[in-house]
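Numbers here simply count residues along the sequence, with the first being 1.
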Amino acid sequence: MVMVCYYIHLLTPVGWVRFSIAKPSVLRAETNNPMASDLSSDRSVFRGVSSSSPIRRRDLVFIVNPRGANGRTGKEWKKLLPYLQSRLGSDCNICESLTSGPSHAIDITREAIREGADAVIAVGGDGTLHEVVNGFFWDGKPVANWNTEAVHSTALGLIPLGTGSDFARTLGWKNDPREAIDRIARGVRSQIDVGVISREGEGSHYFINVADIHLSAKAGYYASRYKKFGNLCYVIGALQAFIGHHNQDLRIKVNEGEWQTLSQVTALCVGNAKYFGGGMKITPIADPHSGSLEVVILQDFKWYDFILKLHKLYNGTHLSLNNVTSRNVYTIEVDEISGGGNIFIQSDGEHLGFLPRKLSILPGAIEMIC
């Protein structure tokens with residue numbers, strides 16, 4: 001049997017200490033961690049309680065993608081640590097976990113929730129946030145604390161440091177990590193909706209921002225190859241996606257109703273939030289507190305339409321165009337008509353494969369520190 005280990009770094013009285021979690025409720029200390037000299041603190045270890053205060057300290061797990069934004073995330077995070085320590089050190093046990101590759105943040109999040117963390121904070125861009133959100137679920141259900149008598153649930157937090165912070169834009173947050181730490185210090189929670197994508201015979205996938213189909217999804221697929229160019233990667237991806245692109249007839253079923261045919265669809269976007277692609281306000285009416293998803297459909301767009309109307313897509317005024325429609329839904333099923341099996345779908349910038357898919361809303365599925 002292969003046992004998976006997850007690693008977290010904890011601020012302790014001797015500085016940073018590395019722990020490996022081999023199974024729930026088992027922590028093994030490795031004190032020869034090279035990060036131990038970076039900072040020192042009077043904080044207790046994970047799940048500990050300060051001896052000087054009867055008040056339970058909050059256990060906060062910070063999940064960091066150190067390679068995000070071409071390594072900028074890791075560098076900015078290291079610079080942020082002294083402020084993090086000064087704002088949260090007296091009240092919280094701070095646990096740091098650096099991701100080592102795709103889906104690692106999902107595994108870390110699940111372990112943290114099962115161990116009873118008060119909050120899991122995504123440090124990075126929308127990609128890291130997307131993985132952390134998926135870590136809140138397992139086998140179609142919310143992940144639960146192993147301690148069934150626990151009186152608190154695990155909240156989601158965000159410190160935007162990556163290439164794109166589109167979800168933070170929806171909430172009106174500045175791209176200011178210190179401001180984000182201040183929010184975490186206050187600890188105010190609000191329930192937010194989560195979108196879920198399903199397909200018969202496959203597991204569910206979750207999104208907090210925008211899921212999209214056809215041209216925009218193909219553009220996102222190519223853009224992921226050019227992350228080193230920052231937000232310019234989205235422009236490069238779009239140009240590459242246009243090569244050989246053809247609008248396609250699709251069929252949709254809204255709120256379990258009858259199937260409808262959509263002609264010459266260029267892109268179909270399903271928003272729990274407003275922005276994607278580095279600041280494009282594609283689903284401008286979407287609200288992650290509304291209990292519904294906004295579906296925006298672009299039909300019969302030519303390559304020059306994107307050039308001429310790009311400003312409208314970015315400022316959210318494209319709903320006034322004749323070949324753009326918008327509606328609020330609780331569920332939407334999308335399938336192709338041609339049967340070619342080549343219509344892309346992605347969520348929060350992650351390529352998920354091809355149609356068909358069903359997208360639904362989970363109202364108030366996660367508590368978020370806001």
Side-chain angles (χ1 to χ4, degrees), residues 105 120-137 155-176 179-180 183 189-197 204-213 216-217 219-220 223 231 234 267-298 312-319 324 326-332 334 345-352 357 359-370:
V120 178
I121 294 96
V123 181
D126 291 315
T128 302
L129 176 62
H130 175 74
E131 286 200 4
V132 170
V133 167
N134 274 269
F136 273 75
F137 303 90
L156 170 68
L158 172 63
I159 298 179
L161 286 180
T163 304
S165 300
D166 285 322
F167 188 73
R169 288 186 179 95
T170 291
L171 298 179
W173 294 349
K174 298 177 183 177
N175 195 24
D176 183 345
E179 185 177 284
R183 278 194 298 271
R189 296 182 176 199
S190 174
Q191 288 187 310
I192 59 166
D193 307 334
V194 173
V196 57
I197 302 172
S204 298
H205 196 90
Y206 302 87
F207 67 98
I208 197 171
N209 217 40
V210 177
D212 51 306
I213 292 166
S216 55
N231 283 342
Y234 301 113
L268 187 152
C269 302
V270 182
N272 183 51
K274 302 179 188 296
Y275 297 89
F276 79 162
M280 188 178 292
K281 199 174 184 179
I282 192 66
T283 46
I285 302 175
D287 179 355
H289 303 93
S290 67
S292 64
L293 299 164
E294 183 187 9
V295 177
V296 171
I297 304 168
L298 283 63
K312 287 183 174 291
L313 293 170
Y314 268 95
N315 61 29
T317 59
H318 55 289
L319 299 188
V324 177
S326 170
R327 66 178 82 182
N328 285 344
V329 308
Y330 303 109
T331 67
I332 181 169
V334 188
I345 179 170
Q346 70 169 6
S347 68
D348 296 348
E350 179 179 346
H351 175 64
L352 298 182
R357 288 293 195 278
L359 301 93
S360 309
I361 190 71
L362 299 176
I366 292 178
E367 284 189 314
M368 187 165 193
I369 298 175
C370 58

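Nearest heavy-atom pair across G277 and Y314 is O-OH, 3.7 Å. Closest approach of C269 and V210 over heavy atoms only: CB-CG1, 4.3 Å. Shortest non-hydrogen contact noted between K274 and I285 is NZ-C, 3.9 Å. When every heavy atom of S347 is checked against every heavy atom of I197, the shortest pair comes out as CB-CD1, 3.7 Å. Of all heavy-atom pairs between V132 and A105, the closest is CG2-CB, 4.3 Å. Nearest heavy atoms, A273 versus F167: CB-CD1, 3.8 Å.
Side-chain contact check for L129 versus L156: some heavy-atom pair is nearer than 4.5 Å. I297 places a side-chain heavy atom less than 4.5 Å from the side chain of V295. Contact check for L319 versus P284: side-chain heavy atoms found under the 4.5 Å cut-off. Within the 4.5 Å cutoff, the side chain of L313 has no heavy atoms near those of the K281 side chain. Residues T317 and K312 meet the side-chain proximity criterion, which asks for heavy atoms closer than 4.5 Å. In this structure the side chain of Y330 never reaches within 4.5 angstrom of the side chain of P363, judged on heavy atoms. The closest side-chain heavy-atom distance from T128 to V123 is not below 4.5 Å. For the pair E350/F207, no side-chain contact is recorded, criterion being any heavy-atom separation below 4.5 Å from C-beta on.
With rounding to the nearest 0.5 Å, the separation of OG in S216 from CE in M280 is 9.0 Å.
With sequence neighbours excluded, the residues that form a ring-ring contact (aromatic ring centres under 6.0 Å, His included) with H205 are H130. Legend: residues meeting side chain to side chain donor-acceptor pair (under 3.5 Å) with E131, ordered by chain and number and at least two apart, are absent. The ring-ring contact (aromatic ring centres under 6.0 Å, His included) search around Y275 returns none, not counting sequence neighbours.
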Evaluation steps, side chain to side chain contact (heavy atoms under 4.5 Å, CB included), between H318 and V296: CA-CA 10 Å; H318 55 289; V296 171; 4.1 Å; yes
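With 3.5 Å as the limit, one finds a donor-acceptor pair spanning the side chains of S326 and E294.
Exactly one of V194, I208, L359, V196 qualifies for a side-chain contact (heavy atoms from CB on, under 4.5 Å) with N272. That residue is I208.
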